[in-house]
Each structure stands twice: as C-alpha cells, then as structure tokens.
Amino acid sequence: MSSKGGTALSRRNYRLASDTDKPKVTGIVNEKLLSDYLHHVFPASSKQGPASAAYRKTLTFQDLGAHLEKLLAEDNIEGCLGPSTVVLDHSSGFEGLLFVDDDLLGVIGHSNFSSIRATTCAYKGKWVYEVLISSQGLMQIGWCTLNCRFNQEEGVGDTPDSYAYDGNRVRKWNVTTTNYGKSWAAGDIVSCLIDLDEGTITFCLNGQSLGVAFSNIKTGPGVAYFPAISLSFKESVAFNFGSRPLRYPYYFYACYLPLQSPPTTDLINANRLLGYLKTVLSTSIDTQEEKLVERDSGTWQIQGDPTILVTLAHIFNHFAPLMCKVYLVEDVLMNFLLSILEGGGSVEEHPLIQQLLDLFWLLMEDHEVSECLKQLMMSLLRAYRFSPIIPDLGFQIHYLRLTTAILRHEKSRKYLITFDVLRSVVFFYIKTPLRVKEAGLEELILTTWWPTRFDKEKDTREETAEERLRRRAYERGCHRLKKRIEVVEELQVQILRLMLNNKDKGTGEASRYIFLNKFRKFLQENASNRGNPTVLCPPEYMVCFIHRLITAIRSYWDEGKRKSPGSISSEDAYVPPQLFYNGKVDYFDLQRLGGLLSHLKKTLKDDLAAKANIIIDPAEIQASSMDDLDEDEETGAAQRPSGAVAMGGALARPSWLSSPTLGRANRFLSTAAVSLMTPRRPLAPPEKVKVRTLAVEQRTEEDIEGSHGNDGLLLGRPLDEPDQPITEKSLLEILDGVVMMYNLSVHQQLGKMVVVSDDVHEYAVALKDTEEKIARCPSRRLDILEELQKSQKVFAEKLNHLSRRLAWINATIYSKEKMLDVYWLLRVCIRTIEHSDSTDSLFAFMPEFYLNVAMNSYSALKNYFSPSNCMEELPGYEETLTQLAAILAKHFADPRIVGTDIKDSLMQALASYVCYPQSLRAVEKIPEDQRMAMMRNLLAPYEQRPWAQTNWILVRLWRGCGFGYRYTRLPHLLKTKPEDANLPSLQKPCPSLLLQRHMAELLCQDKDMAASFLNSVLNQLNWAFSEFIGMIQEIQQAAERPERNFVDTRQLKVCATCFDLSVSLLRVLEMTITLVPEIFLDWTRPSAELLLRRLAQLLNQVLNRVTAERNLFDRVVNLRLPGLESVDHYPILVAVSGILVRILVDSDKQGISRAASVLLSDPCFQLRSIQYLLGEGDAGAASADHKHFSLHTYTDYISTEEEQKVEQMLTFLTEESKQAAASTAPTSEDDLCPICYAHSISAIFKPCSHKSCKACINQHLMNNKDCFFCKATITGVDDYTKPASS
C-alpha cells in the first residue's frame, strides 16, 4: 500500500496470481469456479442491484484488488467545537495536581480537589460521554463552560455555569446541592447527557437513567459546555468521549451522539471485510463437482489451499490496517470473536479462534498483529472490569472465555505476556457489588439470615425452628452463589495455567519464564512504591490474584510430583534458603533479618564460603560499601525533577489499576511550578557474585532451572540441607513472590473486608435491642412505639442488604478454599523459616517478610475467617500451631535478627499467642530446652529493650493465679459498651503452670539473673508510677482551672498506659514472690534484703498515693475522663494486696518476721493505708456522695479466703506496729544513716570504715564500687552494731 506522507511500513509482499501467471500456479481452480467463488465472497453492494450469474463480469485475482477498492469506497457534525479527537485538556484546562494517562483519557487526582476539562465543547444538539469509575471516592462529574474558574476547594458544580453529579455523596451540584441519583461503586459507568436544544442535563448509571438533573441551563450564543471532572486525592476515572464504542451506545440514549464521532467509513469497511472473511470461513470449494459448498465455519482450518489463501490475502490487505484502531478492534473484532464462543461448551471446542490467530500472524505484518492483539486485550480488560454484576456472572464468564481462547494460542500468548498490559491483574479480580438488587442477589439469595445469638456455642442449640429454616435457606442461597463464582475462578486459574506453561518452547522461550520475569518486575514496582498509593496494584485485586496463583502453582507442583516421585508434594512445599543469599533472585531493597545485604555480604563472606561454597568478590564488597556511602547523594541528584518536567514532561509510572485506562501515565499535571511528588528510587543493579548472575529481564530458562551440573536458582545448597529434588525451580521463585505479595497488601485487605461482618453484627445487636424495647413499650405510648417500629424496619432492611453482600464476600474472600490457601501459605513460611534457621548464621539473609507473613497469616486465620470457617478443623492444625509457637519462642530474642520493627512484631505475636488457651498449649508443647530458653530471654533485665511486651507476656502467664486476678474486664467497666471480644486483652485468664514452674527454676538457679531481673522490674515500676502521678497532677490542674480546658487525648492515653504498666509490673512482682519467695525472704542470698527493702519502699509509695482520702488519685478517678477508663482503685490495690498477703501471711515464720520488720521500718509506712483496703479508714472523711473503697464489695472478684487473708494481715500489722512503737527507743541523729536519714547505721565498709545503713550501701554497690565519702574502692561490707555505752 502507498503511504500518505512519511514512511509507511512495507506490507508483506504476497504475490497475487494474475491470468498470465495462471499456467505457472498450481492449485488455483478453473476460471469459472474462481469467478463464482470470488463473487460469492465479495458480492456487489445493494446500491448496484443484484446481478445474475449470467450477466455479471467474470472476476479473477487480477481484478480483485480494483473490485475491493470499489466496494470499500462507498460512503460531517454540527454543534461541536474542538479537535476531532476528544481528549482531556492537559495543556491549560486543569487545576491542581493530576496524573493523566498517555492516551489523555484516564486521570488520577493528586491533590485536595483537582479539576480538568476536555478539549472539545458542545453548543447545540444532544451529546453524551461516559466515565468509567475506577474508585468510588469523592468526585464531581459533569459539564462546565470556559468561564468557570476552579481551585482546590471549588470544582465542577461549585460555580454558576457548571453542573455535576456526585455518586459518592449521592447529590447533584450547581452552586447549591440537593439529593440526586444513586451511589456509585468502582467498576460502574456514568453517562453524562446534555440536551442543548431543550436545556437539560441528565445522568445515567450503568445505562439506567437517574432522571433529569438540571433543566433550563444557560444556552445561546457564546455558551458552550465542556465535559469536566473534579476529584480528590487518589481518586481515578477513565473517559470515553467516543474513541471506543460506548458501553451504552448513543441510540440507547435516544439520538444522543458521542462527542467524538465514530469512524463510520472505517466501521462500514471493517464490517464488510469481516463479512467477506466469514464467507470464506463458511464456504469450501468442491473441485471435483466444481461447485461451492456451505460448511460449518467453526471447523475451518488453514489447509494450504492456494485459492483460499490468496483470497484471504486480498481481504487482509485491507483488513489488517483497520485492526490497529482501538474502536474497530473493540466494536468489530472482539464482538466477532465473542460470537464464536456464544454457542457454549468448553473453549477447546472452538478451534476456530486458534486458526484465526494463525491467520493473523501469517497474513498481517508483525507490528499490525502486535498492535491488534494489544488493543484486543485492552478492550477485554476494560470490558471485564466495567461489566455489571448479574446473577450468573455471564458477562465476566464471556470475556474470560475469550481471553482463555486467545491465550491458548502460543505465539499470541507469549507476545501478550511480554506486553506490559497483561501484567495487570484485572482478569483475576471479582468485584464485590455494593448494590445487591442490581447484582441480582435478591433472586439468588431469596432468604436472608444473620446470627441472633452471639454466643457461638449456643447458636445451633437454642435456635428456633423458624430460625433454623431461615439459616438453611440462606446457606443454600450462599452455596448457589459460590458455585457460580467458582466458574469464574476456574476460568481465571486456566488463564494462569496457560501463562505458567513451561513446555511451549516451539516459538522460543517458554511462557512461564517470560511470566516469571514480568511477575518479578510487578513485585518490584509494588514493593518500591509502597509510599505512593497511586502506582500500586489495588489490594482487592491482589487478594484475588494470590488465590488463583496459589491454585495454579499447586496444580503444576503436584503434576511435577507425579512425574518425579522423588520430589516433594505441594503439601510440603517450602522455599530453600539458597534463594536468599546466592544472588539469583532479586529482593530489591527489602530488609533482611540481619540488616542490609551489602553489610551481610561483608560480615558473613567466610560463612558463605564455608557453608554454601559461594565466594563474594572483594571488589564487589568494596563497591557496595561505597554505594552505601554515596547512596543518598546520588539518588538525590538523580531524582530531583525540574519544574519543566513537573509541568509538562513525562514521569514514568507503572501501568497498574490506578491507571483507569490501563495505559501508562506519561504526564504529571500541576498548577504549581514544581512537582510535589518524590519520584521512585531507581532500581539498584543486581548484586554481583562470582557465580553468573543476570538482571531479571536477561535471565533464561537455563539460568532459572539450571542444567548439566548447574543448580540454577538453587546454587549454594547448605551442607545440612537435604539433597532432594523439591520441584521445578521456577515454581519456587513464583512461590517466593506469592509470599511477598501477601506481605505487600493482601493481609491488609483481608482485615479491611471484615468490616462487613462487623456491620452485620452491630445491626443485628441493634435490631435485637429494638425488638426488646418494642416488647417492653407501654401500649399507651404509641408515639414511642411508632419510632421504634421505624427503627426496626431500617435495621431489618440494612441487615437484608448486608447479609446478601456478606454472602458474596464470604464466597470470594473468606470461603473454606481461600482459608486453606492462606493456611498453606502459613505452612510454607513455617517450613521455609525452619530450613533457613538450620543454616545458622546464614539465617540473617532471609527477608523479613517471611516472618511477617507467618505471623499475619495465622492472625488472619484466627480473626478474619472465623466464625464462618473454623480454624480448628484445618488439617494438621495443632502441629502447625506448635511449629509457629517454636518459631516465635526462639526468634523473638534471636541475635541474628537486628530489625527493631520485626523484633517488636515477634514480641507482640508471642504476647498475643499466650492469651488464647489453644495457642498457649502449643507453646507448652514445644521442646523443654526451647521453653527454658524462651523464659530465660523473657527474664532478661528490663533495660535497653522493649520490656513492656515482655512484661505483658509474663502477666498473661500469671493471670488467673494472682490475688483477685481472675477477671476479664475490670469491675467498673462492666456497664460500659462491650469492646471487641477478640482482643487478646479481653480473653479469659488461662495461666500456664508449666511456664511458671520454668520461671521459678530459672530464678532459683541463677541468683545473678534473678537479682538483675527484679531490680530492673522495680526500677521500671518506680519510673512508671512516678510518671503516672506527675501526669495526673497536670490533668487535675487543667480540670480545676475556671476557663474551659481540654486535656490532650494523647496525654490521657500516655497516663492510662503508665497506670496499666504499673499494675502489670506489680503483678509480675506478685508472680515472682509467689513462685520464688526466697528471692526476697532468704537473706543468705546476697541481694535479698535489698530487694525486699526496695519492694517495701515502692509498695508504701503506691499505697500512700492511692489510699489517701480526697487525694489526687481520687479526684482524677472521679472525673471519669474518656481515655482514663482503666484508671481505678481496684486493679492497683488488689495487685499490692497480693504481694503483701504473700510475704506477710503465706510465708514461713522467719519470712513473715523479716517482711514485717522491713515494711514497718520504712518511714513511709502508714497503717491507715492497709485499713483502707477493707474500708476501715477514717469514715468521717468520706462524703455522702463518694462511695468508700473496700475489698468486701467485690464479692464476685475477691474470694472469701482472700478477704480473710487481708483481714489476718491487717490484724498482724496492727499488733506489730504497736509493738514496734513501744519497743523503739529514741534514736539520736548520730546513729542515723548519713545518706538516707531513715534507717539506723547497720553496715561498715572495708577498708575505709565509713558507715551507712545496709539498704543504702547495697543499692549503691549495684552500680558503683566507690565509697560514698572518700571514693576508695570498697572491698567488703560488714554488719555494724553500735557498741554499748559505758
């Protein structure tokens, strides 16, 4: 074909036969039969009138070109101004910060409220354009004039000559706002119609009119309306002004026309040529009978018949250039291919699509077939993504079947995997309908149900016959829905299985290796841009993608197991540790357990050589060190964008779903002079080791799978790692990527979707409460009854809607099969961690996300999938629980792990683990040496480490054994709104006697550890309680000021935290003194007396502050400030009571005597504080409106035996204090300790002979060996007794 200006790509030079060449051509039929065939394929148009066979001109291949030109030459719009190709005005028609895609049709907001308009306006007639909603947030879509001026606060609809529809708030806007339309959701299509003859604006949602929104709009000379939108941060849409067929075409809207005229001539020609092609497919030539025979086009195959091939070449000579245009591909080609599959049956039963694709690659230029396939796939992506949900999911199934059929063609599949768009996960997503009625869920799930009893054990036992019928009917509806969704999921898995095919090597590299490299790039983009949500794959897409990928991986894995029985099954899958350190897999900049990769290579190079036979090039270590030093400077200089680039240049961005049109964004629009975006950090080059390593894009099958002694991805097997084939190495890397995907966003999304179940629970509770109120409502109060009945109706309608929506979510996200996928991933992580742990120091190379996924997947199984699916029913559940417990117990204090965040996560996971009976029993099942090591780590001093979580773990191990410590919620909080019952802090007490015994053994055997641990606990208690007292003083002062003051909520939270820490530290002291009382009471131990004196001092301080009448603590508690709910007398006083009872009542005689003498000798001791516990303080001090605290009032929390022990302690201390007062002789000032002036001198130092009390010198010697007075080094301390006076 000749080019029209510029250089045209040459078409394939098919030699078309002419009459003069006829004797030389073999296979061409005779002249009459050829003429009949060509006239049958290319009939004359109706305008020329029908021609009988006798009078029509003989047609040969020599005449066919001219005949076709004549047929295609057979067969502009007022009311519109602007370019014929309508796009978004990226040069001047915008306000704020925006990302605009390369086709100038997709836009993403990147500031508070950005606005943009189109390049074309309408001044008369009827016009329509469509907007594909990619996110359902705050947007205003409509029309505006050129005079409209927008800013960051006012957008389309906020000015006089602009009109907008807002489906987020369900309103219409024109300066003022009123209710209008329905709420939109991601995946909906909004049609914007303007009738400038009648002066009306109307909007449609998914083809359904929402009614006239505005009438009598301003029209006339000088008035023209542009399509326009205003959208908030991260919101995204795609426009269709007519460059593609409208989803709801213009005839659907009663003669409304798209702003961009369709390519009518090309459309007519494309349909004609397609008609000719269909005729060729349905006609065969019987050379023996010399006649044309009709045949089933579905069975047509390329068989090398020259007559048919030359005919097809003539057709494609005109058809191929048209198939590079998106409108024609979507309107003509895609609909034709879809029609082939309409007959039903499996995709394999329709081989015609494979034959057609062979024909495309044979008769079209490579650049033409590539562009055609690209546009076809993009059209399928859009069609699938924006198809409405109907009960049988027919639209989704239709498009997925065609996608599967196309990907079954090997050459097309490999091109499309290479092509950027197929990295999108659109095809693996099943969107959740927000409007259950339009999705047909009311017909599919006729009966709704929700729990009416909220104790799981009672649900099935106490439900009525009517409730049972409703529940079973609802479950049947859910099952029907699940079966329909499974059809879609099976097609999605088929697509992935085609992409993971590693046997299709007929046309170059197998599909799996192309997919693997693209998949790794996808992970890299999502891992490197976590701070920039606009470039990330949406998490809801990731959730669906990961489940389909797991299914596809496991099917290929088990197929390999059947072919190679020596390998392991997918049930025992794991990722070998070699992948983490041999440099074959790029983990980008993701954190390793031992820190930066460059640091690990430098410090562990000898271990790598000894254990894995991997040698690190010294030059590489030096280069990586220099890179670390220069990294900030280099990246800063390389990434600093200029103002010009920010205004009109191109910032590369991945083609993910933030891009509504699935194209690349190459324009970042900003009304500011410079970009406010920080571009993504450039990707680091792959690490170099002496083994051959390549960039992701350069890797081949041999680099991944290995051959002839080359281990590929598994290079550097540790000596302890079993030499057993696992599976195909490419599957191991994909599995590694699946674990990374879960960590990136899947877990976050699983937690987010639980909100629907929570809503059902809240509305069910509200409905039940309302029904109870109706039952109690007096018959005479009809007004109240009417309001209650209205509320009842609203709650019931909402529950009907939510229960159907929940059925969809349970089927797509929380089904039993999805739960098994997450459970499988948990077990993969556990086995991977165990194998990596066996490499000793090389464990530091493991990426942190493996530990994160192990913890998070367990949390998801426990908190997100229940109660619809029971975790206890999972295969091997108890064993898995024990394995995870062993990992948490070992690694929360593992010196090989250096990251603060991952250490905190491990500690929090272990703290949560010990709160639940089943998981606590799992901890008790791990080997004894591991249990002892865990307890030893927990008993390390509370300094320079996150001790609060450690203390929480010890408290949970004790809760249920302490004095008055059997409660789940504090007594004064019982009447408040119940909190989330799944919170670890609200679990019923489940103490571990086994772990308590281990703790006692360790503290008994290691005296130094016991002393350092308890001193650190006492130090932290002193700090926490002092901080708490200081804060409540500030709170009290703010509350007493006459002006209105608001106490900072953060300050209240910190204050409550300090109080909770004080209580938990007291409980750990109670636990220690109960299990190992000799630490305090056996004074043959070097630090026992000091510890007891410090303990007595702190207990007296706490008691005095809390029990003084009308004191600071009382006043703040009585304020009942939000945020200080946990601050009350009960928790702290019963903790102190437990300690005192243990040392003053439950000890032996000598211990009691020592404890009493130390307590009474403390200057802060007040008997009144002990009397306060039983309500025996100064009765006159308590006002009538203030109820006096007493342990006697907590009969549900304090046992009779515990009360009796407190009474016994009070009696004992009363007598002891009387005797002490009577026997204590006046002490002169010279006999008092010169340091504290509270105790008598009782110790003399060696060699300097200076003196003090034992408490002061013992505490001093903990940190310093120098004398108080002369700074001489103290070598010993002896008891000192004052000599008798002469």
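Since the structure is predicted, the reported quantities are computational estimates derived from the model, not experimental observations. Computed over heavy atoms, backbone and side chain alike; hydrogens, waters and symmetry mates excluded.
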J.: Would you confirm whether the ring centroid of Tyr541 sits within less than 6.0 angstrom of the ring centroid of Phe545?
T.: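 Between Phe545 and Tyr541, the centre distance exceeds or equals 6.0 Å.
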J.: May I ask you to check whether Ser387 and Gln396 show a side-chain donor-acceptor distance below 3.5 Å?
T.: no
J.: Sequence neighbours left out, what passes salt bridge (charged side-chain N to carboxylate O under 4.0 Å, His left out) with Glu509? Give chain and number order.
T.: none
J.: Listed by chain and number, what are the side chain to side chain contact (heavy atoms under 4.5 Å, CB included) partners of Ser730, not counting sequence neighbours?
T.: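 Ser730 satisfies side chain to side chain contact (heavy atoms under 4.5 Å, CB included) with Arg512, Tyr513, Leu516, Ile704, Glu705, Glu728 once adjacent residues are dropped.
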J.: Charged N to carboxylate O under 4.0 angstrom, Glu410 versus Lys414?
T.: yes
J.: Would you confirm whether the ring centroid of Phe428 sits within less than 6.0 angstrom of the ring centroid of His547?
T.: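 Aromatic pair excluded; centres sit 6.0 Å or further apart.
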J.: With distance as the sole criterion, is a donor-acceptor pair present between the side chains of Tyr850 and Asp736 under 3.5 Å?
T.: yes
J.: With sequence neighbours left out, write down each residue that passes side chain to side chain contact (heavy atoms under 4.5 Å, CB included) with Thr880, or none if nothing qualifies.
T.: Tyr823, Leu826, Arg827, Ile830, Gln883
J.: Just by modelled atom types, is the Lys561 backbone N or O under 3.5 Å from a matching donor or acceptor in the Ser564 side chain?
T.: no
J.: Which class fits the ring pair Phe865 and Tyr814: parallel under 30°, tilted 30 to 60°, perpendicular over 60°?
T.: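 The arrangement is perpendicular - the two ring planes meet at more than 60°.
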J.: Do the ring planes of Trp824 and Trp557 sit parallel (below 30°), tilted (30 to 60°) or perpendicular (above 60°)?
T.: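 Ring orientation of Trp824 relative to Trp557: perpendicular.
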J.: What I want to check is whether the side chains of Arg413 and Ser511 have a donor and an acceptor closer together than 3.5 Å.
T.: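 Side-chain D/A pair, Arg413 to Ser511: present.
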J.: Run the ring pair (Phe, Tyr, Trp, His ring centres under 6.0 Å) test on His398 and Tyr384 for me, step by step, so that the C-alpha distance in whole Å, both residues' side-chain angles and the decisive distance to 0.1 Å come before the verdict.
T.: CA-CA 9 Å; His398 206 35; Tyr384 177 82; over 10 Å; no
